[in-house]
Every structure is written in structure tokens, then in C-alpha cells.
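Notes to accompany the following structure.
Being a predicted model, the structure only gives us computed values, none of them experimental. Along the sequence shown, residues are numbered consecutively beginning with 1.
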Amino acid sequence: MQPSGIPGTAVGAGRRFAGGAALLLRGIGLYVRSPGLMLLGVVPALISGTIFVGAYALLVFFVDDLAVAVTPFADDWSTTPRSVVRVVAMLGFLGLGGLLTVLTFTAVTLVVGDPFYEKISERVEQRYGGTPDAVEVPFWSSLRRSAADSIRLVALAVLVGIPLFVAGFIPLVGQTVVPVIGAVVGGWLLAVELVGAPFYRRGKGLRDRRAVLKADRPTALGFGVAVFVCFLIPLGAVLLMPAAVAGAALLARRSLGQPITEG
């Protein structure tokens with residue numbers, strides 16, 4: 001018997017979410033089959049990754065001081081509750097820092113490595129039939145627009161991340177629901193960032209790609225959350241950035257109703 005109603009909708013959304021995550025695996029497969037081109041994409045990721053790993057290491061080093069600074073109300077508490085609330089604060093800082101690090105790393109790396117990632121994205125599209133109605137976008141114009149879009153997306157991440165940090169102090173919810181919400185928000189913003197190149201190639205901007213991805217949000221979230229989780233793994237962001245760009249080209253084509261199979 002086929003599921004129907006709300007259960008059927010949930011099953012369908014779950015399948016599309018899994019299908020989106022599978023696009024990252026396909027991107028990794030393309031990475032493996034074109035190592036020369038993909039290794040070029042590792043270079044800008046390695047440069048920016050070194051900076052952001054250093055920044056996150058500083059956060060880890062000072063996180064105890066930050067936790068004390070934001071919980072002055074706990075100074076006069078007994079040892080156990082004071083320790084608990086400050087551990088929660090530290091986890092909140094590390095979670096917020098992870099979210100912002102992943103998104104800012106992606107934004108900066110896409111700008112720094114724009115020529116490399118544009119070539120990777122274009123090569124993937126050529127493999128599956130090319131880009132219909134492609135427009136010629138001057139390099140500097142593309143770079144400015146990409147930088148402006150990335151700044152807006154990072155600013156949005158900050159606006160969302162601060163309430164999530166505050167919500168992290170809610171017992172149980174802060175340690176269970178909030179990390180999931182953070183991964184979903186981060187995944188969505190990553191998906192929107194990473195499909196920039198194929199959408200620019202079609203003359204479409206940030207508003208267009210948001211609208212197109214919203215039409216099949218589970219697929220976009222599946223891809224974005226998979227990338228987000230992988231980017232949290234040490235060196236994952238550096239090594240998988242080219243594969244994420246390749247997978248994003250597939251996501252863009254799928255979202256626009258264009259083939260992602262050869263033949």
C-alpha cells in the first residue's frame with residue numbers, strides 16, 4: 001500500500017532530501033574522475049582554509065573567557081550550576097563559530113577561487129549537455145556580484161545565528177533542536193551560495209536562485225546539509241570544496257529541469 005496524505009508527503013520529502021545529499025556524492029565522483037581540474041580548486045580552499053582554521057582555533061582558545069564574559073549573572077552561583085551554564089555558553093560559541101566559519105569560508109573561497117570554480121562548474125555542465133541560453137558575464141562583474149551576494153548571505157547567517165546562540169541556553173532544546181536547526185539553516189545558505197556560478201551563467205541572480213531552490217527545498221536542503229556536515233570535518237571543507245562546486249552544478253541543473261545524466 002502506498003503512503004498517502006501527510007505521511008506520503010513526508011516520505012516524498014525524505015526521498016528528495018536523500019537525493020539532494022546524493023548529488024554531493026556524485027560531485028565527489030566527478031572530482032575523482034577529473035583530478036587535474038579539481039586539484040586546482042583545492043588551492044584557493046587551502047589558502048582560505050588555513051586562515052579560517054586559525055580563526056576557529058583562536059575561538060577555541062578563548063572560548064572559556066567568552067563564556068565567563070556573557071554569564072556574569074552566574075558569578076555568585078554555586079559551582080555546579082555555574083559550570084553547567086558556562087559549558088552551555090562555550091558550546092553555543094563553538095556552534096555559532098562553526099556555522100559562521102563554514103559559511104564565511106565558503107563565501108570567501110568562492111570569491112578567491114572564482115576562475116577555478118567557474119571552470120569546474122562549466123565543465124560539469126558540458127558533460128551533461130551544456131548551458132542553455134548561456135550569457136557572457138565579464139570577469140570583474142561576476143566577481144563583484146559574487147562578493148556582494150556572499151556578504152548578504154553571511155550577514156543573514158549572523159542574524160540567524162545570534163538567536164540560535166541565545167536559544168542554546170534552553171535546557172535540552174539548546175543541546176538537541178538548536179544544532180539541527182543550525183545545520184538546516186547552514187545547509188540552505190550553503191546551497192544558495194554554491195549554485196551561484198551556474199545561475200550567473202544563465203543571467204540569473206541571487207533572488208532567482210532562491211526562488212528556484214525553494215520550489216524543491218528538500219533536495220536543496222539535502223545537498224546543503226550534506227555539504228555543511230562534511231565541511232565541519234577537519235580538512236573536509238578544503239578537500240571537498242571542488243566536489244561541492246561540482247555537485248552544486250548538478251543541483252542547479254536538476255532544479256531548473258535540465259538533465260543530469262549523460263546520453
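- Of the options L100, V102, T101, a side-chain contact (heavy atoms from CB on, under 4.5 Å) to Y56 is made by T101 and by none of the others.
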Name every donor-acceptor pair, under 3.5 Å, that has one atom in a side chain of residues 31-42 and the other anywhere in the protein, sequence neighbours excluded.
from : atom 1 : to   : atom 2 : distance (Å)
Y31  : OH     : L239 : O      : 3.1

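- For the pair R201 and E122, the salt-bridge criterion is not met [side-chain N within less than 4.0 Å of a carboxylate O].
- Grouping the Ile, Leu, Val, Met, Phe, Trp and Tyr side chains by contacts below 4.5 angstrom, directly or via other members, places I51 apart from L59.
- The salt bridge (Lys or Arg N to Asp or Glu O under 4.0 Å) test applied to R152 returns D149, not counting sequence neighbours.
- With sequence neighbours excluded, no residue satisfies salt bridge (Lys or Arg N to Asp or Glu O under 4.0 Å) with R254.
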Tell me which donor-acceptor pairs under 3.5 Å the side chains of residues 86-99 have, and how far apart each pair is, sequence neighbours excluded?
from : atom 1 : to  : atom 2 : distance (Å)
R86  : NE     : T71 : OG1    : 2.8
R86  : NH2    : T71 : O      : 3.0
R86  : NH2    : D75 : OD1    : 2.4

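- Counting only distance, with no hydrogens or angles, the side chain of D208 and the backbone of G205 share a donor-acceptor pair below 3.5 Å.
- Shortest non-hydrogen contact noted between G27 and L250 is N-CD1, 4.5 Å.
- Residues G182 and L164 come closest through the heavy atom pair CA-CD1, 3.9 Å.
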Do R123 and L30 pass the side chain to side chain contact (heavy atoms under 4.5 Å, CB included) test, and can you show the C-alpha distance, the side-chain angles, and the key distance before you say yes or no?
CA-CA 10 Å; R123 186 71 63 85; L30 292 170; over 6 Å; no

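- L194 is not listed as a side-chain neighbour of Y117, based on a closest heavy-atom distance of 4.5 Å or more.
- Pairing each heavy atom of G186 with each of L103, the nearest pair is O-CD2, 3.7 Å.
- Distance alone, capped at 3.5 Å, places no donor-acceptor pair between the R16 side chain and the T219 backbone.
- In terms of heavy atoms, P44 sits closest to V112 at CB-CG1, 4.1 Å.
- Pairing each heavy atom of A237 with each of F105, the nearest pair is CB-CE2, 3.4 Å.
- F61 belongs to a hydrophobic cluster whose remaining members, ordered by chain and number, are L58, F62; membership requires side-chain heavy atoms of ILVMFWY residues under 4.5 Å apart, directly or through intermediates.
- Note on V185 and L156: same hydrophobic cluster, where clusters join Ile, Leu, Val, Met, Phe, Trp and Tyr whose side-chain heavy atoms are under 4.5 Å apart, directly or indirectly.
- Note that CG of L221 and CG of D216 are 9.5 Å apart. Values are rounded to the nearest 0.5 Å.
- No path of Ile, Leu, Val, Met, Phe, Trp and Tyr side chains, each step under 4.5 Å between heavy atoms, connects V154 with F231, placing them in separate hydrophobic clusters.
- Note: the hydrophobic cluster containing L66 also contains I162 (ILVMFWY, side chain heavy atoms under 4.5 Å, direct or indirect links).
- Side-chain atoms of R253 never come within 3.5 Å of backbone atoms of V124 as a donor-acceptor pair (strictly under, hydrogens ignored).
- Hydrophobic clustering places V184 together with W188 (ILVMFWY residues linked when any side-chain heavy atoms are closer than 4.5 Å, directly or through intermediates).
- Salt bridge annotation for R209-E193: absent, with no cationic side-chain nitrogen under 4.0 angstrom from a carboxylate oxygen.
- Each of L251, L23, L190, V245 was checked for a side-chain contact (heavy atoms from CB on, under 4.5 Å) with V227, and the lone residue meeting it is L190.
- Annotation: the span from S121 atom OG to F199 atom CZ amounts to 10.5 Å, rounded to 0.5 Å.
- For F73, the ring pair (Phe, Tyr, Trp, His ring centres under 6.0 Å) criterion is met by W77, not counting sequence neighbours.
- Checking side-chain atoms of R202 against main-chain N and O of P198 turns up a donor-acceptor pair under 3.5 Å.
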Verdict with supporting geometry, L110 and M241, side chain to side chain contact (heavy atoms under 4.5 Å, CB included):
CA-CA 9 Å; L110 288 176; M241 188 67 181; 3.5 Å; yes

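- Between T109 and A45 the shortest heavy-atom distance is CG2-CA, 3.6 Å.
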Side chain to side chain contact (heavy atoms under 4.5 Å, CB included) for V108 and T104? Distances and angles first, verdict last.
CA-CA 6 Å; V108 171; T104 308; 4.2 Å; yes

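- Atom OG1 of T79 is separated from atom CZ of R82 by 5.0 Å, given to the nearest 0.5 angstrom.
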